[in-house]
Structures are given as C-alpha cells and as structure tokens.
Protein chains: 2
Amino acid sequence: MTTTTRRGPYAKSAAVRRRILEACVDAFGETGFHGATMKDIAKRAGISHTGLLHHFARKEDLLAALLDLRAERGARILELTGALDPSAKPIEALQGMLTVLVDNELQPGLMELHCVLSGEATSPEHPAHRYYTERYRNLRLFYTRAFTALDERGELRSAFDPATLATMTIALINGLQAQWLFDRNSVEIVGAVRGFLQSVIPAMDR
Amino acid sequence: MTTTTRRGPYAKSAAVRRRILEACVDAFGETGFHGATMKDIAKRAGISHTGLLHHFARKEDLLAALLDLRAERGARILELTGALDPSAKPIEALQGMLTVLVDNELQPGLMELHCVLSGEATSPEHPAHRYYTERYRNLRLFYTRAFTALDERGELRSAFDPATLATMTIALINGLQAQWLFDRNSVEIVGAVRGFLQSVIPAMDR
DNA sequence: CCTACCGATCGGTAGG
DNA sequence: CCTACCGATCGGTAGG
C-alpha cells in the first residue's frame, strides 16, 4: 500500500471534524449553546452549512462530541502528570491539578467555553446538564479522596472535613477563572489556589 | 381626586413592567439572554408579543432594566443590614453579605439568572458584559475595604493580602452557588463561606 | 395593547 | 454502495 501518498477518506474526515470542533470552542464559548448557530460554526470551520450537517446531524451532537473530547483530553493530562490516584499520591494529585490550571490560562477559549456552558447547563433541560452535574461530582470525589488521604496521614490542618474542602477548592477554582475572564490583571488564579491548598496542607510548601 | 378607585395608567404600567421583569428572571435564567425569546417572555408575563414590545422595544432593554432592578435591590438589602461601610464596620459588612447569601438560597431563580448571565457575559460583546465587569470590581472593592480595615486592627490572620482575600471570597461564593445549582444536597454555601471567613478572622466567631 | 405583517435567519433536508 | 461535500430551499420562527 502507498501509505505515504494516500491519506484515505478517514484521515481527511478526522481532520475536518477536528477543525469543526475547534470552531465550536469559539462559537459556543462566545454565545453559548443556545446563541451559537450551525451556519456560523460551518463558516468558522471553513466548510458549507450542509457539509457540517454531514458530519454532525444535530447541534446537540456537536456539543456532545466537543464535551467528549474535552473530558478525554482532561483525563489524559492528569494521567501524564501522574495525578490519577489521589488516594495513593494526594500531594502529587493536587499539584497535578495546579499544572492543569497553569495550562488552562494559556487557553482562555477553553476556560470561556466551560464558564459559558456550565452557566447555561444549570437548567435541567440543557444538553450539557448531565455532563456538568457528573463533572462536578467526579471532581468532588477526586479532591475528597486527596484530602481524606492527607487527613489520615495527619497532614491536614483545617476545621473543614475533606468533602467540604473538596467542594470549596473546586468553587474557588471556578470562581477565580470566572473573575479572571472579566479582568485578567486583577486575578491571579494559580497563586490563590496554591496558597489556599498550602494553608490547609503544611507539607505542600512548594 | 378619587385616588382610592382610580389607579391611573402609570400604576398599571408599573405593575405590568414588574410582571414582565419577573418573567425575564425565569426566561433568561433558563436559557440565557441568547436562548430566551421575546415571544416566550411575553407568554410568561401573560401579555402579547407586541404588548411586550410596547414596554420594551428591544431585548437588550429588557436585560438592562432587569439588571438595574437587581443592582438596586442588592444595594437596598445591604443598606438594611447596615453593611454599607466595610471600612468602618468590617465585621458587620461581612456578616451582612452572609445574610444576603442566606436570602439568595430562598430565591434559586435569581441565583440561576446570575450564574447563566455572568457566564454568557464573559464575551465582551454581550450586553451584560460591562455590568458584570463592574459588579465584580465593586465587590472586590467592598471586600478589600473590609479586609484592609480588619488588617489595620490586627484582626486578620492570613498569608494573603486583603485584595487577594477579597477576590478569593467572591470566587468561593460564586463557585459554591454554581455547584449548588447542580446538586443542592452536596453543597452547603453559607457554612463554607462563614467558615472560610472565620479561618482568617479570629474575631468573627459567631 | 392588538392584528397583520416585514426581511432575515433558524435548524434541518432535498437531489446530485 | 460508500465518502465528503455542494447549492438551493424546506416549513417555521426570530426580533422588530
């Protein structure tokens, strides 16, 4: 087979789908799911409206594919930073999350996307409602495991229980990112989160 | 004048405008500014589409009036709780904000509205962008003044400066409210915020 | 406040 | 029978 010259239809299709989903990050990030239009997304992706519909028959399919991609990438990054097991390596897990926060600031489009979509998805009828409900639940589970492990090792100094600390950490991160999107000079996301974690975990001095 | 029987056009108009803005809280809260439709808002308010256009010619006018009303009510509540001057009475100011949080939980529709709109308003082109930019800035100013006053009295125990503490407090509140909207059983807003404030202000033991 | 509409644009589909 | 689209247009609805 002449694999060097021939690309095949699948390779092309995958590249187009990638361009489409990149366009979705911008479109959904700017006006949300409701405000975005299929025709605008097609234009941003550089294909025709019907070309877009060939790949994604409905607007909801577009959102589902985008959220799948984001969840997949998020899991992969955590794996690379070795922060997958918060119970066994809680400090590494929390520092891995800080690394993700640093990375997020380099991709403001993705932060805006999650900020806008999670706001819209508050309504139970929103196509991303289940996604964000589970995302929050999984994040609380992740942080609760890390704080519980630290507590059992006697490395937690806080009046709050691990579960409440988990909820607070997530809230702090999301709230800081939201403020940062409105005023990038007045908010220092990573420093504040790291400082908060250090204030309850003496061993986390780096 | 027969003030008892006659109401006059202004009284009726004001009542209709109130019903319209109440409908807007639900409509904008459920699908955001972009997702909401003028015809749906009219239906919720119990008037015709064109009747709505008589009171508010454009969708943006509706949003502006709603945000004005919210800002006005928020200022009035703070005034009533005697928390208007964070520099002179910092503890009272912070406890006043806690009172507002308690009140917010009784009006989930308003919390959803702000969550959805502030997410959408991340984009500079959004009609509420300026409103939320200034809202965040004013809130940071309010909390910074309270924490600065406490610091000068030697009542602040934190590695963070007052401005950073202000940003973090606001972030915590917004983030907790967002999570609460997705899972009301797993998140305890007021307790977490009060605990956070108590952890940096020993004098705030109530 | 209503009926009667407008230019345009919506998400989605036709045949090729 | 497949893919990766295209130009044109469907019935309905948006804000005004």
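Numbers restart at 1 for each chain; the letters A, B, ... are given by sequence-line order, proteins then strands.
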Run the side-chain hydrogen bond (donor to acceptor under 3.5 Å, both in side chains) test against [X] and tell me which residues pass, sequence neighbours left out.
{"X": "B/Ser87", "value": "none"}
{"X": "B/Tyr132", "value": "B/His114"}
{"X": "B/Glu72", "value": "B/Arg76"}
{"X": "A/Arg145", "value": "none"}

Please name all residues satisfying ring pair (Phe, Tyr, Trp, His ring centres under 6.0 Å) with [X], sequence neighbours left out, ordered by chain then number.
{"X": "A/Phe33", "answer": "A/Phe28, A/His126"}
{"X": "B/Phe160", "answer": "none"}
{"X": "B/His129", "answer": "A/Phe182"}

Say we look at [N] and [M]: how far apart would their [atom1] atoms be, to the nearest angstrom?
{"N": "D/dG16", "M": "C/dA4", "atom1": "C1'", "answer": "13 Å"}
{"N": "D/dT9", "M": "C/dG11", "atom1": "C1'", "answer": "13 Å"}
{"N": "D/dA8", "M": "C/dG12", "atom1": "P", "answer": "22 Å"}

For B/Ala42, answer base if it contacts any base atom (sugar-phosphate contacts may also be present), sugar-phosphate if it contacts only those atoms, and nothing otherwise; contact means non-hydrogen atoms under 4.0 Å.
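If one applies the 4.0 Å heavy-atom cut-off, B/Ala42 turns out to touch nothing in the nucleic acid.
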For nucleotides 12-16 of chain C, which of its nitrogen or oxygen atoms have a protein nitrogen or oxygen under 3.5 Å away, and what is each distance?
| unit_1 | atom_1 | unit_2 | atom_2 | d |
| --- | --- | --- | --- | --- |
| C/dG12 | OP2 | A/Lys59 | N | 3.3 |
| C/dG12 | N7 | A/His49 | NE2 | 3.2 |
| C/dG12 | O6 | A/His49 | ND1 | 2.9 |

For [X] and [N], what is the distance between atoms [atom1] and [atom2] respectively, to the nearest whole Å?
{"X": "A/Leu52", "N": "D/dT3", "atom1": "CG", "atom2": "P", "result": "17 Å"}
{"X": "B/Phe56", "N": "C/dC1", "atom1": "CZ", "atom2": "P", "result": "12 Å"}
{"X": "A/Asp40", "N": "C/dA8", "atom1": "CG", "atom2": "P", "result": "18 Å"}

Would you say B/Arg19 has more than 12 foreign heavy atoms packed within less than 6.0 Å of its CZ?
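Enclosed.
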Near A/Arg130 CZ, under 6.0 Å, is it more than 12 heavy atoms from other residues, nucleotides or ligands?
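Not more than 12 within 6.0 Å, no.
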For DNA chain D, which residues of residues 24-35 of chain A approach it to below 4.0 angstrom with any heavy atom?
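Heavy-atom contacts with DNA chain D come from no residue of residues 24-35 of chain A; none.
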Which stems, defined as runs of 3 or more consecutive Watson-Crick or G-U wobble pairs with both pairing distances under 3.5 Å, involve DNA chain C?
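For DNA chain C no paired stretch is long enough to count as a stem (3 pairs minimum).
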N/O (side chain, A/Ser48) to phosphate O (OP1/OP2, D/dC5) under 4.0 Å
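For A/Ser48, the contact criterion (side-chain N or O under 4.0 Å from OP1 or OP2 of D/dC5) is not met.
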Any B/His55 side-chain nitrogen or oxygen under 4.0 Å from OP1 or OP2 of C/dC1:
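Yes, because at least one side-chain N or O of B/His55 sits under 4.0 Å from OP1 or OP2 of C/dC1.
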According to side chain to side chain contact (heavy atoms under 4.5 Å, CB included), who are the partners of B/Ala171, at least two apart in sequence or on a separate chain?
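So B/Ala171 forms a side chain to side chain contact (heavy atoms under 4.5 Å, CB included) with A/Leu172, A/Leu176, A/Gln179.
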Only pairs at least two apart or in different chains count here, so list each side-chain hydrogen bond (donor to acceptor under 3.5 Å, both in side chains) that has a residue in residues 160-172 of chain A.
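side-chain hydrogen bond (donor to acceptor under 3.5 Å, both in side chains) check on residues 160-172 of chain A returns A/Asp161-A/Thr164.
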